[in-house]
Structure formats: structure tokens, C-alpha cells
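Report on one structure; see the data block that follows.
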Amino acid sequence: MRPGLERLVRELAKFGAVGALGFLVNVAIFNLCIHTFQLAPIRSGVISQVVAIGTNYLGNRYWTYRHIDKSRIHRETVLFFLFSGVGLVLENGILALSHYGFGYTSPLADNIAKNVIGLAIGTAFRFWAYRTWVFRVGAQTGTDTDAEADGEPSPRLRPGGAPSGRVPVEPATSAGGGRIEIGGLAAEEQREDRRQLLK
């Protein structure tokens with residue numbers, strides 16, 4: 001399996017695990033609000049999803065995407081809750097359509113609309129939005145950190161330990177005259193070249 005695809009699979013697995021925990025929180029609070037506190041379905045859905053969003057943020061920030069640069073955490077938090085809000089609208093929009101539009105008002109129908117159909121659509125949107133805009137996978141220096149976190153050498157380093165784009169300079173003395181060579185050219189030749197350019 002290619003390294004990029006392997007990282008994506010691991011990322012999906014972690015995102016799925018965090019999402020599963022958020023799903024349990026979402027369903028538990030949704031049913032608690034409806035059956036214990038007798039709240040309306042949409043209000044229950046919004047409350048349960050807000051709590052689940054908080055759970056998902058902590059899980060994704062400190063586990064799924066822990067290797068991503070944390071220097072812009074304010075921007076990241078705002079975007080996370082913005083896109084989570086869009087997911088909330090999608091999820092509860094499906095519930096509203098089912099409950100009020102089609103008249104499926106049983107607890108089972110509400111759970112299927114919100115926690116199966118709505119959740120599937122909302123999850124697909126959130127995964128795309130989080131990795132594209134919030135945690136910026138592969139679009140910053142976190143790519144190198146990601147590779148190192150997965151046990152792979154950083155692509156910035158060549159086998160000899162020299163950063164890519166740079167040629168290591170190894171001073172050495174030539175066989176004749178003791179002139180110092182830098183990068184394959186004698187220092188005297190470099191000075192001569194500079195004098196020629198200044199003429």
C-alpha cells in the first residue's frame with residue numbers, strides 16, 4: 001500500500017473511532033432529551049449534537065490530527081465549529097423533513113432520520129471539511145511531521161542527512177599547493193571569478 005493511501009486509511013480509522021464515540025453521545029443525549037425531558041425532536045437534536053461536536057473536537061484535535069500544526073488553533077477552532085454547524089443543519093434538516101414534512105413521528109423514525117441518514121450525510125461532509133479546511137492535511141509543514149509521527153523519515157532529508165535543495169559543502173585541500181577548495185572550486189578561482197564579474 002502506498003504511504004499516502006496508508007496514512008489516509010489510518011486517518012479514516014481514527015476519525016471513525018472519534019465519530020463512533022460522538023455518535024454514542026449524540027444518540028444517548030437525543031433520546032434522553034426526548035423521553036426524559038419531553039423536549040421537541042429538533043431541540044433535542046440540536047442539544048445532543050452540540051455536545052457531540054465538543055466531544056468530536058477534542059478527539060480529532062488531540063488524537064486524529066494531533067500531528068497537525070497547533071500554532072493557528074484559534075482559526076482552527078472557529079472553522080471546526082463553523083463546519084460542524086453546517087453538519088448540524090444537514091443532520092437536523094433530514095430529521096425535520098422526516099418528522100414534519102413526511103409525518104414520520106415515531107421515535108424509531110426520528111432516530112433513523114437523524115442518527116442514520118442525517119448522520120451519514122453530515123459525517124461525510126465533516127470529514128471532507130475537517131481535513132481540507134480545518135486541520136489542513138498535506139497543505140502545510142505538518143506533512144513532514146505526519147510522516148515522522150508514522151515512523152517514516154522526513155522527506156526533507158536526503159539519505160546523507162542533507163536537506164533537499166542544498167548541496168553539502170565539504171572543505172578539502174587539493175593535492176597541490178595547499179589551496180582550500182569549497183564545493184569543488186578553489187577559493188582563489190572563486191575570487192578571480194568575482195573580479196572578472198566586477199570589471
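Positions are given from 1, in the same order as the sequence printed here.
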- Task: Output, in order, the C-alpha distance, side-chain angles, deciding distance and verdict of side chain to side chain contact (heavy atoms under 4.5 Å, CB included) for Arg61 and Ile68.
- Result: CA-CA 9 Å; Arg61 169 67 279 173; Ile68 302 298; 4.0 Å; yes
- Derivation of the side chain to side chain contact (heavy atoms under 4.5 Å, CB included) call for Phe135 and Thr64: CA-CA 10 Å; Phe135 299 110; Thr64 308; over 6 Å; no
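By the side chain to side chain contact (heavy atoms under 4.5 Å, CB included) test, Trp63 is found to be paired with Lys14, Ala17, Val18, Arg66, residues two or more places apart in sequence or in another chain being considered. With sequence neighbours excluded, the residues that form a side chain to side chain contact (heavy atoms under 4.5 Å, CB included) with Leu58 are Tyr62.
Shortest non-hydrogen contact noted between Ile34 and Pro41 is CD1-CA, 4.2 Å. Closest heavy-atom contact between Asp110 and Thr105: OD2-O, 3.8 Å. Shortest non-hydrogen contact noted between Gly19 and Asn56 is CA-OD1, 4.3 Å.
Between the Thr36 side chain and the Cys33 main chain, no donor and acceptor come within less than 3.5 Å of each other. A donor-acceptor contact shorter than 3.5 Å is absent between the side chain of Ser98 and the backbone of Ile94.
Residue pairs meeting the salt bridge (charged side-chain N to carboxylate O under 4.0 Å, His left out) criterion with at least one partner in residues 77-95, sequence neighbours excluded, are Glu91-Lys114, Glu91-Arg126. Applying the ring pair (Phe, Tyr, Trp, His ring centres under 6.0 Å) test to pairs two or more places apart or on separate chains, those with a residue in residues 27-58 are Tyr57-Phe80, Tyr57-Phe81. Sorted by first and then second residue, the salt bridge (charged side-chain N to carboxylate O under 4.0 Å, His left out) pairs involving residues 26-52 (not counting sequence neighbours) form an empty list.
There is a path of hydrophobic side-chain contacts, each under 4.5 Å, that joins Val46 to Val86. Neither Leu24 nor Leu32 shares a network with the other; the hydrophobic side chains, linked directly or stepwise wherever heavy atoms of I, L, V, M, F, W or Y lie under 4.5 Å apart, form separate groups for each. Two different hydrophobic clusters hold Leu88 and Phe23 under the rule that ILVMFWY side chains link at heavy-atom gaps under 4.5 Å. Hydrophobic clustering, with ILVMFWY side chains joined whenever heavy atoms are under 4.5 angstrom apart, keeps Tyr130 apart from Leu21. Leu8 and Tyr65 fall within a single hydrophobic cluster, where Ile, Leu, Val, Met, Phe, Trp and Tyr are joined by side-chain heavy atoms under 4.5 Å apart, directly or via other members.
Side-chain contacts under 4.5 Å among hydrophobic residues (ILVMFWY), followed directly or transitively, place Phe102 together with Leu97, Tyr104.
Ionic pairing of Arg7 and Glu11 is not present here: no N-O contact between side-chain nitrogen and carboxylate oxygen is shorter than 4.0 angstrom.
For the residue pair Asn111 / Asn115, a side-chain donor-acceptor distance below 3.5 Å is found, with atom types taken as modelled.
Here Leu119 contributes atom CG and Ile112 contributes atom CD1; the two are 13.0 Å apart, rounded to the nearest 0.5 Å. In this structure, CG on Leu12 lies 9.5 Å from CG on Leu5, to the nearest 0.5 angstrom. Taking CD1 from Ile53 and CZ from Phe83, the interatomic distance works out to 13.0 Å, rounded to the nearest 0.5 Å.
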